[in-house]
Protein chains: 2
Amino acid sequence: MSYSIGEVVKKTGLSAHTLRYYEKEGLLPFVKKNASGVRAYSDEDLRWLTMIECLKDSGLQIKEIRQYIEWFNEGDSTLSQRLSLFENRRKILEKEMARLTVVMNKIRFKELLYREAVRVGNLDVATNERRFKHLKKKLFESPDDFDK
Amino acid sequence: MSYSIGEVVKKTGLSAHTLRYYEKEGLLPFVKKNASGVRAYSDEDLRWLTMIECLKDSGLQIKEIRQYIEWFNEGDSTLSQRLSLFENRRKILEKEMARLTVVMNKIRFKELLYREAVRVGNLDVATNERRFKHLKKKLFESPDDFDK
DNA sequence: ATGACACCTAGAGTAAACTCTAAGTATTAT
DNA sequence: ATAATACTTAGAGTTTACTCTAGGTGTCAT
């Protein structure tokens, strides 16, 4: 099976511009073109697009994805480089999730506080309620830094 | 207490360029300047910088942070807008964490697979091992899309 | 009072990942 | 045959958040 760029747009949600851009950046080195230059994407190309999406979601830049694809095409001699890439990425994702957890707590505190402030119609009153003072102390090292 | 821009650079880790840029963008509307135009940051300004960092970490753009600061300065009439902002942000962070969890599973699978591939010196052999086929099936809806 | 250093402004430059434009060719439907 | 639609290329423009440069002023220790 092969697909026109329009069909791939529908399947992937990427724009035709973006697909051509990816190709120019070396992310799709196997896309075939017919005699008049029209692209015909294979199922293999679609699988690459799925993998590219995953790598992008994990935070890789386009040039890093290109590097990965080059390694893949060089075969088993680059297995350890590819292992390192996934290992590093996993560590970065772990840090990112830890970071988001911290931020989430702060934002949730603000949400609760403002919900109460809206209820009583006054931010200072809500801020000074015992339960919010208590919560803030529990959540933050330097609670005064979080009054804004 | 008040602080020169150099002291704030040391305290926050932000560059002097960035601090002036934030001010230009309306994120620090209260920074005072002496007769010769030199900035003197107050403790209040430092607290704002802490809050700005949190909002940035949560993914807000600079113009959204400026909006929040404007609402804050308008007082209790904007409490509900600020509540909405934190509510939306909390929802976005929840989605982002869910997204990262999915990506993490895929990357972890790749890491395991490549660790085995490096051990045996061949990607195809590792890919075809029963336990990896099994794991892939468990992790992905469309497992073939993940061979790249 | 002289050199080092911190600070100022306005505005230009950068990086990443698109996103769009212009000008043209090819295919398809009626 | 003609119009609409889809496709092609090269290259310019956009957005965000900085980041840096140029050219200058102000402060301070010796």
Side-chain angles (χ1 to χ4, degrees), chain A residues 2-42 45-46 48-69 89 92 96 99 103, chain B residues 2-42 45-46 48-69 89 92 96 99 103:
Chain A
S2 85
Y3 313 89
S4 74
I5 201 167
E7 289 169 315
V8 178
V9 164
K10 275 174 209 146
K11 275 177 193 291
T12 63
L14 297 166
S15 75
H17 283 309
T18 301
L19 286 166
R20 294 195 197 101
Y21 167 70
Y22 281 0
E23 200 176 322
K24 197 165 68 181
E25 294 299 316
L27 302 196
L28 295 164
F30 303 125
V31 175
K32 297 226 169 56
K33 297 184 185 179
N34 71 15
S36 42
V38 175
R39 288 171 179 77
Y41 292 82
S42 65
D45 294 325
L46 292 183
W48 268 115
L49 282 169
T50 303
M51 189 64 207
I52 287 166
E53 194 199 348
C54 172
L55 294 174
K56 258 170 51 68
D57 284 349
S58 84
L60 257 73
Q61 292 184 358
I62 280 179
K63 60 184 172 188
E64 297 171 299
I65 299 176
R66 178 179 50 222
Q67 174 68 273
Y68 173 72
I69 291 171
R89 205 35 48 179
I92 288 169
E96 178 63 6
R99 191 186 71 76
V103 173
Chain B
S2 84
Y3 313 89
S4 72
I5 201 168
E7 290 169 313
V8 179
V9 165
K10 275 174 207 144
K11 276 178 193 287
T12 62
L14 296 167
S15 75
H17 282 308
T18 301
L19 286 166
R20 294 195 196 100
Y21 167 70
Y22 281 0
E23 200 176 324
K24 199 165 65 181
E25 294 300 316
L27 302 196
L28 295 164
F30 302 126
V31 175
K32 297 226 169 56
K33 297 184 185 181
N34 72 15
S36 42
V38 175
R39 289 171 180 78
Y41 292 82
S42 66
D45 293 325
L46 292 183
W48 267 115
L49 281 169
T50 304
M51 189 64 205
I52 287 166
E53 194 199 348
C54 172
L55 293 174
K56 257 171 51 68
D57 284 350
S58 84
L60 257 73
Q61 292 184 358
I62 280 180
K63 61 183 172 189
E64 295 171 301
I65 299 176
R66 177 179 51 221
Q67 173 68 272
Y68 173 72
I69 292 170
R89 205 35 50 179
I92 287 169
E96 178 64 5
R99 193 187 68 77
V103 173

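A, B, ... follow the sequence lines: proteins, then strands. Residue 1 opens every chain. In what follows, every heavy atom counts, from backbone to side chain, and hydrogens, waters and symmetry copies are set aside. Keep in mind that this is a model prediction, so the values were computed, not measured.
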*Determine whether B:V8 and B:L14 make a side-chain contact, defined as any pair of heavy atoms from C-beta on separated by less than 4.5 Å.*
no

*To the nearest Å, how far apart are B:E25 CD and D:dT19 P?*
14 Å

*asked:* So A:C54 and A:D57, do their side chains get closer than 4.5 Å, heavy atoms only?
replied: no

*asked:* When you compare the side chain of B:Y21 with that of B:L27, does any pair of heavy atoms fall below 4.5 Å?
replied: no

*Nearest to the side chain of B:V38 - D:dT9, C:dC7, C:dC18?*
C:dC7

*Could a donor-acceptor pair under 3.5 angstrom be found where the side chain of B:H17 meets the base of D:dC18?*
no

*What residues in residues 48-64 of chain A put a non-hydrogen atom under 4.0 Å from any atom of DNA chain C?*
A:K56, A:Q61, A:I62, A:K63

*For B:A16 and for B:K24, locate the closest nucleotide of DNA chain C by heavy-atom distance; then report the residue assigned to the nucleotide nearer the 5' terminus.*
B:A16

*asked:* Students often get this wrong, so: under 4.0 angstrom with heavy atoms, is A:S4 touching a base, only sugar-phosphate, or nothing?
replied: sugar-phosphate

*How far apart are the closest heavy atoms of B:E25 and B:R66, and which atoms are they?*
O-NH1, 2.9 Å

*Atom of A:S15, atom of A:V9 and distance for their closest heavy-atom approach*: C-CG2, 3.9 Å

*Grab the CG-P distance between A:L14 and C:dC18 for me, whole Å please.*
8 Å

*Any side-chain heavy-atom pair from A:L49 and A:L28 closer than 4.5 angstrom?*
yes

*Quick one: do B:E96 and B:R99 make a salt bridge, cutoff under 4.0 Å?*
yes

*Selection from C:dC7, C:dA17, D:dC7 that lies nearest to any side-chain heavy atom of A:I5*: D:dC7

*Report yes if a side-chain nitrogen or oxygen of B:K33 is closer than 4.0 Å to either non-bridging phosphate oxygen (OP1 or OP2) of C:dT9; otherwise report no.*
yes

_So, OP1 or OP2 of C:dC8: does either fall under 4.0 Å of a side-chain N or O from B:R39?_
yes

_Rounded distance (Å) that lies between atom C1' of D:dA17 and atom CD1 of B:I65_ = 11 Å

*Picking from C:dA17, D:dT19, D:dT9, which would you name as closest to the side chain of A:Y21?*
C:dA17

_Whole angstroms only, please: what is the CD-P distance between A:E23 and D:dG11?_
17 Å

*Nearest to the side chain of A:Y22, which nucleotide is it out of C:dC8, C:dC18, D:dC18?*
C:dC18

*Report yes if at least one side-chain N or O of A:R20 is closer than 4.0 Å to OP1 or OP2 of D:dT8; otherwise report no.*
yes

*Spacing of A:E7 atom CD relative to C:dT28 atom P, expressed in whole Å*: 11 Å

